[in-house]
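Please read the structure below before turning to the comments.
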Amino acid sequence: MRQAGPVSDVRTVALWRDGAAVLVPAGEPVVTAFDQGLARGDGVFESVAVVDGGTPHLPAHLARLARSAALLDLADPGEGTWQALVDAVLLDWRPAAEGVVRLFLTRGPGGGAPPTALALLAAVPADTLRQRAEGISVISLGLGIPADFRARSPWLLGGAKTLSYAVNMAAQRHAVARGADDVVFTSLEGQLLEGPTSTVVWAAGGTLHTPPLETGILGGTTAARLFARAAEDGWPTAATPGTVDDLHAADAVWLLSGVRGAATVHTLDGVRRDDTGLSVRVRELLGRP
Ligand code: PLP
């Protein structure tokens, strides 16, 4: 067993090297400093929840990873490689704990060298668990692009989960500096887009809504799962081009992502809001096997 300390200290790394998953001690270097993922954020990634010691939603993440890689003209090493990397990092994981596996695919050092593929395992941060349990305060911030621009601008990589998350992280820091937890991005015209690491979902008029993918947002695997199960359950769903005013008027608002799950928005731009009891139903739907 590699784990000695508490589960929150567990950090495991597996690198794809010469056709096999190789475990690397967490404190040791894994890639060359010339890796284009480091130099330019030129790569893609996925964050996959570890539930009961397994990764039940891995297939949806691998499908998205393949789409992201294709948008960046990166060679995806394929499901077998990713599964081997996930299996390697999960070998000693304690099933009772919640974890997150991050999969990275970068362009590597270039010059004909293969892309870098690796998996990291860590415990879910305490703050993420707090936000899931207690809900979140969110501010809206403009992204400065028209809502229909990214879908017709492939160089902007709309819909790809790229490693270039510096803007997303800066937006979250901006929110924290203003006393909030997270952000909803809006387009130039004020249309809802997404959170820096989440999909926006709201309930209104008996329907669950989320912004259309034609805005160039990332297609969230958690929102897709929720919508599929809600539809099975007779709860209508729709891709709706909403605004921040629609969120203020909604019965409930959530930011959805694989690891945090459905975080109920209890405050939007400084205004307290309710969830009319709907978060329980959303969690139940997401928790179904
Ligand atoms: N949108 C963005 C920009 C994200 O980074 C993420 C997750 O990291 C999501 C949405 C939610 O995706 P998922 O539900 O697949 O975790």
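Atoms within each ligand, like the ligands themselves, are counted from 1 in listed order. For this chain, numbers begin at 1 and follow the sequence in order.
- When the heavy atoms of Leu193, Leu255, Leu256 are ranked by distance to atom 11 (C) of ligand 1, first place goes to Leu256.
- For the 3.5 Å distance criterion, the side chains of Thr243 and Asp246 qualify, holding a donor opposite an acceptor.
- The closest approach between a heavy atom of Gly219 and any atom of ligand 1 is not below 4.0 Å.
- Looking at Thr222 next to ligand 1, an N or O pair under 3.5 Å apart turns up.
- Residue contacts with ligand 1 for Ile217 are absent, since no atom lies close enough (heavy atoms, distance under 4.0 Å).
- Between Thr221 and ligand 1, at least one N/O pair is under 3.5 Å apart.
- Side chains of Gln131 and Asp127: a donor-acceptor N/O pair is present below 3.5 angstrom, by distance only.
- Residue-ligand proximity, Thr199 to ligand 1, at heavy-atom distances under 4.0 Å covers atoms 10 (C), 11 (C).
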> Could you go step by step and tell me if His266 and Arg272 meet the side chain to side chain donor-acceptor pair (under 3.5 Å) rule?
Replying inline: CA-CA 6 Å; His266 62 55; Arg272 290 287 300 187; 3.3 Å; yes

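- Annotation for Arg281: atom CZ counts as buried by contact number, over 12 foreign heavy atoms lying within 6.0 Å.
- In this structure, Val167 is not a member of the same hydrophobic cluster as Val138, with clusters built from ILVMFWY side-chain heavy atoms closer than 4.5 Å.
- Contacts of Pro196 with ligand 1, taken as heavy-atom pairs under 4.0 Å, involve the backbone alone.
- Within the listing of ligand 1, atoms 12 (O), 14 (O), 15 (O) sit less than 4.0 angstrom from a heavy atom of Gly220.
- Here is the list of ligand 1 atoms found below 4.0 Å of a heavy atom in Tyr165: 2 (C), 3 (C), 4 (C), 5 (O).
- For Ser198, the heavy-atom gap to ligand 1 drops under 4.0 angstrom.
- Between Gly195 and ligand 1, no pair of N/O atoms sits closer than 3.5 Å.
- Residue Arg64 places a heavy atom under 4.0 Å from ligand 1.
- Within ligand 1, counting atoms from 1 as listed, the ones closer than 4.0 Å to a heavy atom of Gly258 are 13 (P), 14 (O), 16 (O).
- Judged by the shortest distance from any of its heavy atoms, Glu46 lies outside the 4.0 Å radius around the atoms of ligand 1.
- For ligand 1, none of its N or O atoms has an N or O atom of Asn168 under 3.5 Å away.
- Ion pair Glu46/Arg64 flagged as a salt bridge, since at least one NZ, NE, NH1 or NH2 atom sits closer than 4.0 Å to an Asp/Glu carboxylate oxygen.
- Note that the CG atom of Leu256 and the CG atom of Leu286 stand 5.5 Å from one another [nearest 0.5 Å].
- Taking 4.5 Å as the limit, every side-chain heavy atom of Val89 sits out of range of all side-chain heavy atoms of Leu85.
- For the residue pair Asp269/Ser140, the side-chain donor-acceptor check at 3.5 Å is satisfied.
- At under 3.5 Å, a nitrogen or oxygen of Lys161, whether backbone or side chain, sits near a nitrogen or oxygen of ligand 1.
- Dense packing is recorded around CD of Glu189, with more than 12 heavy atoms of other residues, nucleotides or ligands lying under 6.0 Å away.
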